[in-house]
Amino acid sequence: MTTASIIDGKAIAAELRQQVANEVGKLPFKPGLAVILVGEDPASKIYVRNKQVQTVEAGMNSFEHRLDADTSQDDLLALIAKLNADDAVHGILVQLPLPDHIDENRVINAIDPDKDVDGFHVINAGRLATGQKALTSCTPVGCVILAKKALGELKGLEAVIVGRSNIVGKPVAQLLLREHCTVTIAHSRTRNLDEVCRRADILVAAVGRPQMIKQDWIKPGACVIDVGINRIPREDGKTRLVGDVDFDGAVEVAGSITPVPGGVGPMTIACLLRNTLQAACALEGLPEPKI
Ligand code: NDP
């Protein structure tokens, strides 16, 4: 029985954050990231806090805007217009989800696409799909960095992505296509999902269902990238985090695998910082840093 090598997302993310900080140190100005949080969602507050800490650690300015849950859509759009026009702000991120009375697409598409460091703007999705230079969603970029660390060259490999959301599944598929993989996107209506998964040299799970992908769905030696973050009950009444892959089973057949936590998760903020650096250099007319 083989045991997969564990892809250490925590260490790889720390290395990327250090590279970003090194590049920021060479700039004649400080890149600035504005983060907008509407409401009091506890998970969102933790994400925003982590983003702020890591932005400052990378040598950038962090501008935080905390708005009440009942903030109107017009007020939020007015703040975005102000940040679009602010030369000290190179990246704008609106923490999702937004309260129900606000139209998420309307808000995301109001961000200047060249400051859209989450890569969710329809222009950036279109640029990615058409092979143009784009600010690309952070978690998908993180997945591909991890797959490349594990496998090196990805050209010609069979990639199966389970999940077709706009923020994970679809951009991961686009990025793997750009790496010359043969890409299949599976979803809730896919027939014989286990058979489809068994074709994969690279299997990306972005479903949101705890431990759904079983050992015998995985081709021996495959690289498994588990994006899922699910909380399940423990015997002592507390909860623990698990991915979309049954890790204990998968680790016995895969060639390499990301753990949850400590795999894809830490890559997201590291890639956000890299996007902010890239946006800042582009907006200031400087060459793109090679990281
Ligand atoms: P969504 O709920 O938006 O999408 C889930 C996708 O999974 C959908 O395309 C859905 O198919 C598909 N799906 C659901 N059930 C099944 C099933 N039984 N069989 C096959 N496919 C299925 O989720 P997200 O893409 O936003 O997130 C996915 C997971 O990744 C979540 O656990 C989330 O917490 C995590 N995540 C982690 C991040 C990080 O590490 N930083 C960032 C973002 C997300 P259909 O379209 O047909 O409904």
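Whatever order the structure lists ligands and atoms in, that order sets their numbers, starting from 1.
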Tell me whether the centres of the aromatic rings in His90 and Phe29 are closer together than 6.0 Å. yes
Take every heavy atom of [X], measure it against each atom of ligand 1, and state whether any distance is under 4.0 Å.
X	answer
Gly265	yes
Met267	no
Ala206	yes

Hey, which of Ile80, Ile108, Ile102 is the one that makes side chain to side chain contact (heavy atoms under 4.5 Å, CB included) with Val94?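 Passing option: Ile80.
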Tell me, which protein residue and heavy-atom name are nearest [atom], and how many Å apart are they?
atom	value
atom 41 (N) of ligand 1	Thr268 OG1, 2.8 Å
atom 13 (N) of ligand 1	Val207 CG1, 3.5 Å
atom 42 (C) of ligand 1	Thr139 OG1, 3.4 Å
atom 33 (C) of ligand 1	Ile229 N, 4.2 Å
atom 15 (N) of ligand 1	Arg209 NE, 2.7 Å
atom 8 (C) of ligand 1	Arg164 N, 3.9 Å
atom 43 (C) of ligand 1	Val168 CG2, 3.8 Å
atom 29 (C) of ligand 1	Gly208 N, 3.7 Å

Is any N or O atom of Asp244, backbone or side chain, closer than 3.5 Å to an N or O atom of ligand 1? no
Does any N or O atom in Ser188 lie less than 3.5 angstrom from one in ligand 1, N or O only?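 The answer is yes, given that Ser188 and ligand 1 share an N or O pair closer than 3.5 Å.
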Check this for me, if you would: do [X] and [Y] make a salt bridge, where the nitrogen-to-carboxylate-oxygen distance has to be below 4.0 angstrom?
X	Y	value
Glu57	Arg17	no
Lys149	Glu15	yes
Asp114	Arg127	yes
Glu23	Lys290	no

With backbone taken as N, CA, C and O and side chain as the heavy atoms from C-beta onward, which portion of Val227 lies under 4.0 Å from ligand 1: side chain, backbone, both, or neither?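 Looking at Val227 and ligand 1, atoms from backbone and side chain both fall under 4.0 Å.
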Measure the CD1-CG distance between Ile291 and Leu277 for me, rounded to the nearest 0.5 Å.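 Answer for the CD1-CG pair, Ile291 versus Leu277, is 5.5 Å.
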Hey, could you give me the OG1/CG distance between Thr55 and Leu272, rounded to the nearest 0.5 Å?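 Here the rounded value is 6.0 Å.
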Go through it in stages, so that I can follow the logic: the residues are Thr139 and Ile167, the test is side chain to side chain contact (heavy atoms under 4.5 Å, CB included), and I'd like the CA-CA distance, side-chain angles, deciding distance and then a yes or no. CA-CA 8 Å; Thr139 303; Ile167 63 167; over 6 Å; no
Have a look at Pro140, Ser165, Cys143, Gly163 and point out the one with the heavy atom closest to atom 23 (O) of ligand 1. Ser165
For atom 26 (O) of ligand 1, which of the options Asp226, Ile167, Val196, Thr258 provides the nearest non-hydrogen atom?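 Result: the heavy atom closest to atom 26 (O) of ligand 1 is in Ile167.
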Checking Asn50 against Gln54 for the side-chain hydrogen bond (donor to acceptor under 3.5 Å, both in side chains) test, could you report, in this order, the C-alpha distance in whole Å, the side-chain angles of both residues, the deciding distance, and whether it holds? CA-CA 6 Å; Asn50 288 341; Gln54 294 185 28; 5.5 Å; no
Under 4.0 Å to a heavy atom of Leu193 - the qualifying atoms of ligand 1, by number: 19 (N), 20 (C)
Lys30 vs Met60, test: side chain to side chain contact (heavy atoms under 4.5 Å, CB included). Steps then yes/no. CA-CA 5 Å; Lys30 262 193 173 196; Met60 305 190 196; over 6 Å; no
